[in-house]
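Each ligand, and each atom within it, is numbered from 1 in the order the structure gives. Just so you know, these numbers come straight off a predicted model, no measurement behind them.
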Amino acid sequence: MALIVQKFGGTSVGSPERIKNVAARVAKFLTQGHQLVVVVSAISGETNRLLALAKEVQPEPDPRELDVVLATGEQVTIGLLCMALLERGIKARSYNGAQVRILTDGAHTKARILKIDEERMRADLAAGTVVVVAGFQGVDADGNITTLGRGGSDTTGVALAAALKADECQIYTDVDGVYTTDPRIVPEARRLESVTFEEMLEMASLGSKVLQIRSVEFAGKYKVRLRVLSSFQDEGEGEGTLITFEDDAKMEQAVISGIAFNRDEAKITVMRVPDRPGIAYAILGPIGEANIDVDMIIQNAGVDGMTDFSFTVHRNEYQKALDVLNKQVKGHIKASDIRGDPKICKVSMVGVGMRTHAGIASRMFRTLSEEGINIQMISTSEIKISVVIDEKYMELAVRALHKAFELDQPA
Ligand code: ASP
Ligand code: MG
């Protein structure tokens, strides 16, 4: 007997029929003797609908009240799933985040989980009851309803698994696992049987949308055994992708596990600034104060005491960043010009094997040059290499790299 936390995403509960399918899957696991905690998202599209509704009433919705509105989506699906289970004669009880008591900080719309009370869930499980919990939400110390950021139900699932020391956390979604890259761009993309937690963390932060990044952080911190599977396949048909810990991985790892890409960034260059101490701070200090996150940063070697300074920000914050620089920075540091390009993208190769294999970067750069793609920025870490290129070459770059590194072949 195992204690399993299963999380079902919005498409998996997208209609009454699908909710009944989820109940059928839960029933199968029960007959195998497992204890189950089930976390659900809102019906797909519902959170977007609620957000749009809120904005129609208040263009910049009050964060506390926005959370009150957004949290309703998941409340609907927990009730419906319990009904479907009860209808099959299965004991089930639903709980919203506050009822479980998923305690979070007070950062509305992006709250972090601090503590989870398990007593109620444990008592239900001991009585043979399926516990159904609303994803994406919690409650702060003052009793305010909070939400965990878009995609936050993944984090609820992993956090519950950590709190209950579950044997496995299964994330059911509309894809049957983690792929070498997005199959919509590269049809030859291959499902990975396993991927290390660190690779998954990089992929999530570099633009792969399979798991919310916080859920992966959580899984790493609490060593939760995490698996991504499809809810549209029959059980046993697919094993999905297991997120492993590098030390436990017995098999020889592939050098590259995947290629991630992200069109959400924009590049900004501050031209000809004096090359002296404090310049990076003079530029990025005001950007940080304006709460704009910076991703890649490049400063050129100085020539004649002057240098250029480039960085990337989220595309949504591009205009805001330009405004900050033009108003607060340009004159102050006597930059000759501020230029920007919102039509860029970032393509990244990820793999723990990079630690022990030389020459990955040069092979990547050669592949891009053979396609005539200009690299605008480069950044590396131990297990990833990212390049910024013109957005219009994104698909070409991803396809060429996928082929050059033979990611379509089993490792
Ligand atoms: N319903 C929320 C969203 O759409 C949370 C989730 O689905 O994970 O972001
Ligand atoms: Mg999701």
**OP:** Just grab all the side chain to side chain donor-acceptor pair (under 3.5 Å) pairs involving residues 68-87, residues at least two apart or on different chains.
**Re:** none
**OP:** Show which atoms of ligand 1 fall inside a sub-4.0 Å distance from at least one heavy-atom site of Glu74.
**Re:** 1 (N), 2 (C), 5 (C)
Original post:
Going by distance only, is there an N or O of Thr47 that falls short of 3.5 Å from an N or O of ligand 1?
Top reply: yes
Original post:
What about Lys7: any of its N or O atoms under 3.5 Å from an N or O on ligand 1?
Top reply: no
**OP:** State, to 0.1 Å, how close Ser12 and Ser231 come at their nearest heavy-atom pair, and which atoms those are.
**Re:** OG-OG, 2.6 Å
Original post:
Given that the side chain starts at C-beta and the backbone is N, CA, C, O, which of these parts of Glu46 lies under 4.0 Å from ligand 1, counting heavy atoms, or is it both or neither?
Top reply: neither
Original post:
Could a heavy atom of Gly73 be found less than 4.0 Å from some atom of ligand 1?
Top reply: no
Subject >> Ion pair Arg366/Glu370, N-O distance below 4.0 Å >> reply: yes
Subject >> salt bridge (charged side-chain N to carboxylate O under 4.0 Å, His left out) against Asp62, all qualifying residues, sequence neighbours excluded >> reply: none
Original post:
Do you see a donor-acceptor pair shorter than 3.5 Å between the side chains of Thr147 and Asp67?
Top reply: yes
Subject >> Backbone or side-chain N or O of Gly149 under 3.5 Å from ligand 1 N or O >> reply: no
**OP:** Could you tell me which non-hydrogen atom of Leu164 sits nearest to which non-hydrogen atom of Arg122, and how far apart they are?
**Re:** O-NH2, 3.2 Å
**OP:** Look at the aromatic rings of Tyr172 and Phe8 and report parallel, tilted or perpendicular, splitting at 30° and 60°.
**Re:** parallel
**OP:** Say whether Gly151 and ligand 1 are in contact under the criterion: heavy-atom distance to a ligand atom below 4.0 Å.
**Re:** yes
**OP:** Heavy-atom contacts with Arg150 under 4.0 Å: which atoms of ligand 1 show up? List them by number with element.
**Re:** 3 (C), 4 (O), 9 (O)
Original post:
Which atoms of ligand 1 have any heavy atom of Ser41 under 4.0 Å away?
Top reply: 6 (C), 7 (O), 8 (O)
